[in-house]
Amino acid sequence: MSDEIESVEDFRTRARAWIKANLGPVQGWDLSQHCEDDDEEREAVARDRALQRKLFDAGFAGICFPKEYGGQGLTPDHNRAFNEELAGHEYASRFAVPTFSPCASTLLEFGTAEQKAAHLPAILKGDEVWVQLLSEPGGGSDVAGITTGAVRNDKGDWILNGSKVWTSRAWWADWGLILVRTNWDVPKHTGMSVFIMPLHQPGVEIHRIERLNGESEACQEFFTDVRIPDSDRMGEVDAGWTIGQRWMYHERLGHNSPYVCHPIGQRKAGGPAEPSTVALARRSGRIDDPAARELIGEHRALGIVTQQLSHRIASAAASGKGNTDMSSIDRVFRGVASARRATIAFELAGATASVWDEDEEGATEAVGMNFLMRQVGSIGGGTTEISRNVVAERVLGMPRETSGDKGVAFRDIQRGPKRG
Amino acid sequence: MSDEIESVEDFRTRARAWIKANLGPVQGWDLSQHCEDDDEEREAVARDRALQRKLFDAGFAGICFPKEYGGQGLTPDHNRAFNEELAGHEYASRFAVPTFSPCASTLLEFGTAEQKAAHLPAILKGDEVWVQLLSEPGGGSDVAGITTGAVRNDKGDWILNGSKVWTSRAWWADWGLILVRTNWDVPKHTGMSVFIMPLHQPGVEIHRIERLNGESEACQEFFTDVRIPDSDRMGEVDAGWTIGQRWMYHERLGHNSPYVCHPIGQRKAGGPAEPSTVALARRSGRIDDPAARELIGEHRALGIVTQQLSHRIASAAASGKGNTDMSSIDRVFRGVASARRATIAFELAGATASVWDEDEEGATEAVGMNFLMRQVGSIGGGTTEISRNVVAERVLGMPRETSGDKGVAFRDIQRGPKRG
Amino acid sequence: MLHELTSDQDMLRDTTARFLSDRVPLSKMRKDRDHPAGFDPAYWTSGAELGWTMLLVSEEDGGGSVSGNGAADLALIAYEFGKHAAPGPLVDCNVVASALSGQTGDLQSAVLQGLLSGADIATSCLGAAPWMQSGSESISIRRDGDDLVIDGTVLPVESAAQASYLLVTGMSEGGMTQVLVPANAEGVTIKPLKAIDVTRRFGKVSFAGVRAPASALVGAFGGADAEVARQIQVAAVILSAESVGAMDAAFDMTVDWAFNRYTFGRALASYQALKHRFADMKSWLEASHAISDAAAEAVGKGDGSAAELASAAKSYIGVQGVELAQDCVQMHGGIGVTYEHDLHFFLRRVTLDALLYGTPADHKRLIAAMQINQEMAA
Amino acid sequence: MLHELTSDQDMLRDTTARFLSDRVPLSKMRKDRDHPAGFDPAYWTSGAELGWTMLLVSEEDGGGSVSGNGAADLALIAYEFGKHAAPGPLVDCNVVASALSGQTGDLQSAVLQGLLSGADIATSCLGAAPWMQSGSESISIRRDGDDLVIDGTVLPVESAAQASYLLVTGMSEGGMTQVLVPANAEGVTIKPLKAIDVTRRFGKVSFAGVRAPASALVGAFGGADAEVARQIQVAAVILSAESVGAMDAAFDMTVDWAFNRYTFGRALASYQALKHRFADMKSWLEASHAISDAAAEAVGKGDGSAAELASAAKSYIGVQGVELAQDCVQMHGGIGVTYEHDLHFFLRRVTLDALLYGTPADHKRLIAAMQINQEMAA
């Protein structure tokens, strides 16, 4: 780094001017990744690629990435300033997560010089959208229990077989960061390796997974004898868990990562907008019913408490009085509170949350679907059950669960009921 | 047994006539074991002893006990007929449980001829009230984990040291049935023995335990070098768990045991009467509040569901389609439902459940105290946690919890945190 | 479901179970999500031949129970409907059939015969209900000379677009009125709705000055309150039994999952935190069986306790059935919310069953009103 | 409690903590259950010297905060009160002191000085409150010439029998009125009540045509609504912080128990079903700390969000604090409901704190009203 780095305030002024002059107002499909259909989604992706290129050409792409890879070589404070200025403007929302974090962040940390030179500029220019290939159909909470495997052939290449799942938007993405098993004769954490791979190539089949609410952003990938050159290996053979832990750290940072370009202070949205509890009670004619009012109050109170808890946990971490395990407290609370809030909204809406006239104003479809999907907040990104283990064991210091796989060669770990 | 046993219907007619002629109407202190103070309780005990003697003199005591021990040598159906006729009349409620079941029942099954001759007639005449000395201060759900021990001295007598707890009304009872450890070098279930002992003797100190609601029926007994002659041993040395399991079976039967004299179809009561939820809502001026009405409805529905579930479980057991483990389902449900119902009553009562004018009509003290004591229904007679284990493991067939004491000599079982 | 069935009851249940497995497996339902009716007419007439619509109808009218308690028998069918997430207006056709049983008019008899044969579908437009505050009902029925005039809009109405007849419940001077109206009568508009369910179809039915002759009345003008309450008890019994079937399906599937799914080298079923949650679910499930059976028994007999038991079943199962299904989703993790998985059929079923014919809150309020009346009277 | 305290705040908290441990250990409270006041006057005056009653009073009136935010400072004292289940009318004396701060009358000043020194106790008779439906308030205050006339009965009133003055809130034409009345005024009857608490004392206060001069008014006649709402926010902050302290005490005690209690050869803390419940409790506890602190901060600053945060704290902690304490009882088993054990002190504390100055349901309704007003305005 040079000493003559631009001051954050100068940078902010310059960024603000450029943003105002060059970026339009924020769009619905920026706030929510939800698109009405695939055509709209393809259009949104193309737009995001172009926006990212615009950023790159103007010298604002990859603010914390080194200049040698096309980045700006600036600090997290510069990135934060840019993100603050970005609020209210359109941006390349489909690059933020997982392309910049965890993928590009992990690539920057662990990639070879050749890998970084080949991919970081391409990402910053909007040419490559990345996904992370981590979860597996048989995996669930046990991330290190992966069975998708790669074996080396006599030419030194790796041949990949298996399947990954819950990959958001893989059907239109370009490259993937993948964790695979390369050694079955050692305990599970010591036999994995990390590779990078193009998603659209022979031997890769991508299926889209429809959720019960009709949305199908998540995909499952099936790998059949996919060839990966050894030059696309990241890190040492069998040492993939070291990378994996940092990778998951970058994943947890998500939009808060200094490598991510994403407006700060923007209202977050997901799926069709949900009416307020007051609007729901009014629609169902219960706004003056004390029972409905208690629900409205509880819904609001839980929302406030959720915010305050997150704030408390984050500020404890920042002040050094907390630790990262405490974020599991937040995760448990959010999961439980969001399910309760979805239930309250559903109760307030009455029958029209389940059966609705799609032509009517303020239709309550979202309320019904949110209710059916209410557990997603307690499942996605690791279940609340795993978080409760973390709270009990690492925050309260209680004895750890006995595991059936400690010190056992991976191939001998029980992965299903004993037969016969 | 003689073949010329009196028919149930004849017996019923005779019993009815005697009951009507000789027993007054049921008293408050029959329905509830609650007495205002110790003097009243002593009076109630004396009355119960006299009532039991009256039954004995009339040939109605111990209907299912053999004639040789002062009983009537009749069948469970005769006992049931008597109990049905008894409804609405005064009766010796303090003898039913635990004197007749589990104590006298266990004595009948396992006592020596001498022990039975010495005690069963005395019980049937109202001369001996018995208690069971089972739980220990360090014990909780692990009944077989007892550490109160007896060692044999050179005269062949046993010297008892330790403590038992949660013994209802031991302060005025006469004899106890006690499970103690006699061998610390074998696994826990194989080193216990059963004795019988007078409660008021040198070396026995009885403390009364006050509960947070002010009631103090439960006692704790401290034993210091109490001498028990070997003739008061029941069963073989170290084989006490065999007796213990039957003992606990009789305990679970409780008032439904054929050895117990206790009216059938009598409304049960405990402590001061609790006002209805309707009365509570009316007192707090919320009878027309829809939120209060939902609580009233939920309270009532839960009560009905609780009854219907018990009925279902009992009839499944009776028809052979269920098993005794299924009673744990009932136990879990009752515990949870009773806590919820106590909470609803408390909410309906408002502030006056916690702070009340004792001179006012329909005071809601009971509601407040019931609320504070609401977990008792999930603790007493084995916690709901133990019942959940039973449901998961024995009803649903899930793997059993690993225990830290299986096959381990009792003295080596970990009973507290490791020191140093 | 009852532990003890008569052999006739068991045959009734088993025949329906096998029929549903054969004709409407979940794989078919999954594909038929855009089918306008959700089922083929032949499916419904075959079901009617199995007795689906006759159990609450008197023998004189061509119906009959198998055990002497038609509601208890019907609950067995409903249980299997829930267990298979089966399509078809079981609730409404039976509600209307039970309303028409014993009625003497020609129209009433004709509609009833159509229901019994399965040739016709009739559904209930419940625009007034016992839990509604006066003034909040959505349909009014007034007299105009010899005619009745119906106005208002009601939703959700199951299989409205497939029905030939509508049993309309509205408010009149003096109380509720019920009228039987052809679905194609002038002034009736039926609009198909979207729903969270995949297997069932609902509509919004509007009445704009719809006229019906006095002969189309079911019961007395302004005097149908007790009959409507009874019909709601019938619906509560069917919906509760259906939800219990769906709960059983979801629970069994999840127990299997817990035994077969391994994580950290151990079956999910070996984790005590999950075991305890399964134990709680099992207690809700048995309690739901118990109250559902008791309600069916009492409603079938017309016991004094029928109203209270039916509302207890509807309110308890309406809450706990949904909680059980959601806990099953949680136990499954991500796969539990995919469309390919079977679980959502049962989640949707219990969720919608909870809302039809009065929400849990509505039924709690009904129970409270009964309690209050009883204590006032005492 | 806040993670970051100023050194002055920490000293304030620590001094009170040590004073309470020394003067009112639970062993003493356990014995003093029949003490008429629950504490000795010297205890209270010593506490006042430590600053218990000054934090919401302006410096001009002899008060002052240590951090610039008196409510946040007071919450630290309240937290320690909860953690020690300490006796004394901390809530009411502070509510009255905050009401009198800045008032100009002689009576008002004299009472305030008595509160600051700890020589006098004043308590609040809340016969009208923002969550009450019009007509349901229990005290009326009307004008009669230059006098005010007070009628009605209110309970529970903390330390009523120990108070020299009563701040009476009643309904008048146009709105609420607050008047300061000597506890021995003619027509005032104070009856000690029974309570589920062991450490605190409550009374029923009746006003039979009690007369007070206009100079005894606190605020305007019929114009005290906003001020009463603010006092309730203050009470909500103190009661919430107190409950958080009690929750911490109960939770810590129960975690210790789980580590030290062995069953089947294993510590309770090793059983996953219990571990998960501890994890849930920990999440409630941290959430309660968070909302309690946020409410104190906002009420102290007089932020626009103060009312909503105070009611969120009161309603959330009022429900979850009690559930946490009851779960702690469950974890302890039989010993948890004995009088000899310490746990019940904290269970009683959170239970009663939940009911004083508005139940959780009352505060949920207040929040709903705020939401509705806000969306109507938007």
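To find a chain, count down the sequence lines: A is the first, B the second, and so on, and within it residues start at 1. Keep in mind it's a predicted model, so treat the numbers as computed, not measured.
More than 12 heavy atoms of other residues, nucleotides or ligands shown are found within 6.0 angstrom of CZ on B:R208. Counting heavy atoms of neighbouring residues, nucleotides and ligands inside a 6.0 Å radius, atom NZ of D:K194 does not exceed 12 of them.
Taking a cutoff of 4.0 Å between a charged side-chain nitrogen and a carboxylate oxygen, D:E323 and B:R374 qualify as a salt bridge. Ionic pairing of D:K204 and B:D359 is not present here: no N-O contact between side-chain nitrogen and carboxylate oxygen is shorter than 4.0 angstrom.
Considering CZ of B:R286 and OG of D:S136, their distance stands at 11.0 Å, rounded to 0.5 Å. Going from atom CE of D:M331 over to atom CD of B:E385 covers 6.5 Å, rounded to the nearest 0.5 Å. Atoms CZ and CG, from D:F345 and B:L212 in turn, are 10.5 Å apart once rounded to the nearest 0.5 Å. Note that the CD atom of D:E340 and the CD1 atom of B:I209 stand 9.5 Å from one another [nearest 0.5 Å]. Of the inter-residue distances, the one linking B:D142 atom CG with D:R266 atom CZ reads 12.0 Å to the nearest 0.5 angstrom. One distance of note links CZ of D:R261 with CZ of B:R415; it measures 12.5 Å at 0.5 Å rounding.
The candidate from B:G368, B:S378, B:G380 with the greatest count of non-hydrogen atom pairs under 4.5 Å with chain D is B:S378. For chain B, the option among D:D362, D:D197, D:L347 with the highest count of heavy-atom pairs below 4.5 Å is D:L347. Note: B:S354 leads B:S354, B:A218, B:G404 in heavy-atom pairs under 4.5 Å with chain D. Contact count versus chain B (heavy atoms, under 4.5 Å) is highest, among D:K191, D:H344, D:R33, for D:K191. With respect to chain B, the highest number of heavy-atom pairs below 4.5 Å among D:L355, D:L193, D:L155 belongs to D:L193. Put simply, of D:P192, D:G265, D:G203, the one with the most heavy-atom pairs under 4.5 Å next to chain B is D:G265.
Contacts of B:L372 with chain D are made by both backbone and side-chain atoms, with heavy-atom separations under 4.5 Å. Of the atoms belonging to D:R201, not a single heavy atom falls under 4.5 Å from chain B. Interface residue B:V376: only side-chain heavy atoms are found under 4.5 Å from chain D. At a 4.5 Å heavy-atom cutoff, B:S216 makes no contact with chain D through either its backbone or its side chain. There is no contact between D:L343 and chain B, counting heavy-atom distances below 4.5 Å. If you measure heavy-atom distances from B:K406 to chain D, you find no contacts under 4.5 Å at all. When heavy atoms are compared at a cutoff of 4.5 Å, B:A353 approaches chain D solely by way of its backbone atoms N, CA, C and O. Residue contact with chain B, scored on non-hydrogen atoms closer than 4.5 Å, involves the side chain of D:R277 exclusively. At a 4.5 Å heavy-atom cutoff, the contact between B:T384 and chain D is made by backbone and side-chain atoms alike.
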**Study point:** Derivation of the side-chain contact (heavy atoms from CB on, under 4.5 Å) call for B:F371 and D:V322
**Key:** CA-CA 10 Å; B:F371 176 72; D:V322 172; 3.2 Å; yes
Exercise for review: Evaluate the side-chain contact (heavy atoms from CB on, under 4.5 Å) criterion for residues B:E347 and D:T359: first the C-alpha distance (whole Å), next the side-chain angles of each, then the deciding distance (0.1 Å), finally the verdict.
Suggested key: CA-CA 9 Å; B:E347 282 182 24; D:T359 64; over 6 Å; no
Practice item. Any chance you could lay out the side-chain contact (heavy atoms from CB on, under 4.5 Å) test for D:L352 and B:V355, step after step, and finish with the verdict? Key: CA-CA 9 Å; D:L352 210 45; B:V355 184; 3.9 Å; yes
Check your understanding: What do the steps show when you test B:D405 against D:Y262 for side-chain contact (heavy atoms from CB on, under 4.5 Å), and what is the final call?
Key -> CA-CA 11 Å; B:D405 57 10; D:Y262 274 60; over 6 Å; no
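In plain terms, the two heavy atoms of D:N260 and B:P417 that are nearest each other are OD1-CG, 2.9 Å.
You'll find the side chain of D:F264 stays beyond 4.5 Å of the side chain of B:T402, heavy atoms only.
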